[in-house]
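Note that the structure is a prediction, hence the values are computed from the model and not measured. All chains are named by letter (A, B, ...) in the order of the sequence lines, taking the proteins before the strands, and each is independently numbered beginning at 1.
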Amino acid sequence: MREKIEQLVRKALADAQAQGDLPQFEVEDLGLERPADASNGDWTSTVAMRSARLAHKSPRDIAAALVAHMSDVPEIERVEIAGPGFVNFYLSTAAGNEIFRTIREQGADFGKSDFGKGTKIQVEYISANPVGPLHVGHGRWAALGDSLCRVFEHAGYDVEREYYINDHGSQMDVFGSSISKRYLQLNEIMAQKNVELQEAYQMLLDDREAFIEDEDDSRPETHPYMDAFNESLGGNAYGGDYIIDLAKRFCEENGDAWVSVSEDDRMADFRERGYKLMLESIKATCHNARSDFDVWFSERSLYVPDENGKSAVDRALETLDGMGYLYHEDGALFFRSTKFGDDKDRVLIKSNGEYTYFASDVAYHWNKFQRVDHVIDIWGADHHGYIQRVDSVCTALGFPGQFEVLLGQFVNLLRNGTPVKMSKRKGTGIPFDELLGEVSVDATRYTLMSKSSNQMIDFDIEQVKRQDSSNPVYYVQYAHARICSILRRGAGVSIEEAQELGMDEVASRAIGDSYDLSLLSENVEQALSRKLSEFPTLVENCARDRAPFRITHYVEELASDFHGFYTVCQVLPSESRPLDEDLSRARLAACDATRRVLALALNLIGVSAPQSM
RNA sequence: GGCCCCGUAGCUCAGUGGAUGAGAGCGUUUGCCUCCGGAGCAAAAGGUCGUGGGUUCGAGCCCCACCGGGGUCACCA
């Protein structure tokens, strides 16, 4: 319909100009929009206001000339000029309602477009260190990243989901040492107190609990193991329960065999085994959150030498050096990021010979551009200061404008309005997996998605768990379930049979092959068709603005329009209230179209559309 | 101090330079079940869009300066 109106306006403009009613001028954008208020039509063009200066005429005069030369088409009922010079188009009822049929015919393809033109786009998100479980903050990136990818796919991009595993830096050794120390403590307790592993394990957990409670260190005797743990690792340690879990596991697998081995060997072994386990658990958590990745990219792989003895990092730095962007100072190697607008030049190799995290990122992003056309990294707001240097290096390497960062604000975890206390001692909050066990994936994802990414989120566990009208996800799902129920009733099938047949089949049984949409002339019916027809542009705009959160607002509006329709319009005949069969079929088709778009839209944000609740 | 995000209804937030009622949900108040799912619908009350300038046909949106809240400014990862 957009194209049709575009043609109509172009032709009217050309005719008006040809006949001298309007001066010659070129307009690129006709300013075709959907008015917020339905009383202003189904479509509007702001071309008259836009071209006022070029035409040296008042907007209303231009609009009048356009309307005078506008040809009649059956789809458009009338065209009006309003306000300062809007040209408003009112669709005929039949034309507007055709959207119901279109949706039913296109099914899951409805709203797909070539907006992305097949661009290979990679979205990298979460990318947490494999040294601990994912937390709610990571959960937000999972929901955001995955939903964005789904939207991109629908909008015609060739999408790759990537997780960057930071398995190279010194934090890996800290991780290994932490497990190693806990392992020694378990063995020490078993030997000295003559207790079983389980008991020793419990003692360490209790000890840690006491440590967290004792914030001012007034009762050190209640947490000797935690103190010894911190002391032996110089405070640079991972103190979470999961480290004790891993140590216990290694005790079970190897007994005390590793006690007499050198600290370095033990650390290295535990580090590697712990890493594998942690990564598996992270993958499982992502899968539970319906956020699976195409590529798990290991930072270490960037340091593996090729046949010439050079790693990807070496090659990347050589390339930059060849371009004259590197220099040595005080024994360190610097990248001239100031050439690209950074505040200062950035270190790639420290004076002690170690590579910085940035060095990895240089090679990593270089690698990305060998694979895709456009790169989006989703980072937490605390990484804001890091954008410029990576952007600089992407530009230096020859990919200006192809690197993009989507910054996301943080999540505050609350329970009944009070922050889930994250004492400094505890270090980490509730693992995301544990949260998904308590709150449903649907409610969690929906809540994490419902705000713009540059808005902070207060995630109140109790509030998100609540299954009532205060929780919009259920409002939307209820609308879907309600429609399914109507369609089942229309087709005369049970819930079980419907599961078997699938709702599409149930719907066609209820509706039949032909139906007359021109019968749907109630205001609430038009509101519904209007809302449904917004969906394709919504998907494009969500992709364009990297703002999948708007889907949640749309889906709430659609559910609301449906409920409004449903209370006013009887869909199925009943004994006490007979209904014209043709009208019933048309309304069933409207219901079915709504159901499909609700399911489709919810799927774009990774939320399920239940057939019953 | 530099840079980034946020200030819109009691609360949580939408709002793509467009329409002399600035929207939604929650909360508050009032109606609506002999009938397809009441996890619903209808209505009311509730606003100096942080402040002050500017840009233009037109600003919650763009520019400048302030005021509040949060984040960040490593040869850490």
Sugar-phosphate atoms are those with a prime plus P, OP1 and OP2; base atoms are the rest. Using that split, label each nucleotide of nucleotides 54-61 of chain B B, S or - for protein heavy atoms under 4.0 Å, 5' to 3'. --SS----
Sequence neighbours excluded, the answer for ring pair (Phe, Tyr, Trp, His ring centres under 6.0 Å) partners of A:Tyr125 is A:Phe293
Sticking with atom P, work out how far B:rA59 lies from B:rG53, rounded to a whole angstrom.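 One P to the other, the span is 14 Å.
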Taking the P atom of each, how far is B:rC11 from B:rU28, in whole Å? 15 Å
Show the distances under 3.5 angstrom between N or O atoms of the protein and N or O atoms of nucleotides 73-76 of chain B.
residue, atom, partner, partner atom, Å
B:rC75, O2, A:Ser351, N, 2.7
B:rC75, O2, A:Ser351, OG, 2.9
B:rC75, N3, A:Ser351, OG, 3.2
B:rC76, OP2, A:Lys350, NZ, 2.5

By nearest atom, which of the nucleotides B:rC35, B:rC6, B:rG18 is closest to the A:Ser574 side chain? B:rC35
Let's see if you can work this out: which of B:rA19, B:rA77, B:rC36 has an atom nearest to the side-chain heavy atoms of A:Ala82? B:rA19
Taking OP1 and OP2 of B:rG15, is either one under 4.0 Å from a side-chain nitrogen or oxygen of A:Arg550?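 True: A:Arg550 side-chain N/O within range (under 4.0 Å) of B:rG15 OP1/OP2.
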Is the distance between the ring centroids of A:Tyr475 and A:Tyr446 less than 6.0 Å?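 Ring-ring flag for A:Tyr475/A:Tyr446: false, centres at least 6.0 Å apart.
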Does the A:Thr338 side chain pair with the main chain of A:Asp343, one donor and one acceptor, at a distance under 3.5 Å?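 Pair absent, no side-chain N/O of A:Thr338 close to backbone of A:Asp343.
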Without swapping roles, check the side chain of A:Asn471 against the backbone of A:Arg466 for a donor-acceptor pair under 3.5 Å. yes
Is atom CG of A:Asp173 surrounded by more than 12 heavy atoms (other residues, nucleotides or ligands) closer than 6.0 Å? yes
Under 3.5 Å, which protein N or O atoms sit close to an N or O of nucleotides 40-46 of chain B? Give each pair with its distance.
residue, atom, partner, partner atom, Å
B:rG40, O2', A:Arg482, NH1, 3.2
B:rC41, OP1, A:Tyr475, OH, 2.6

Using the side-chain contact (heavy atoms from CB on, under 4.5 Å) criterion, which residues pair with A:Phe535? Sequence neighbours excluded. A:Phe110, A:His154, A:Leu538, A:Val539, A:Tyr554, A:Val597, A:Leu600, A:Ala601, A:Leu604
How does RNA chain B read in dot-bracket, base by base from 5' to 3', with Watson-Crick or G-U pairs under 3.5 Å and | used when the partner is on another strand? (((((((..((((....[....)))).(((((.......))))).....(((((..]....))))))))))))....
Indicate the ring-plane relationship of A:Tyr238 and A:Phe175, choosing parallel, tilted or perpendicular according to the 30° and 60° boundaries.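 Plane angle over 60°, so perpendicular.
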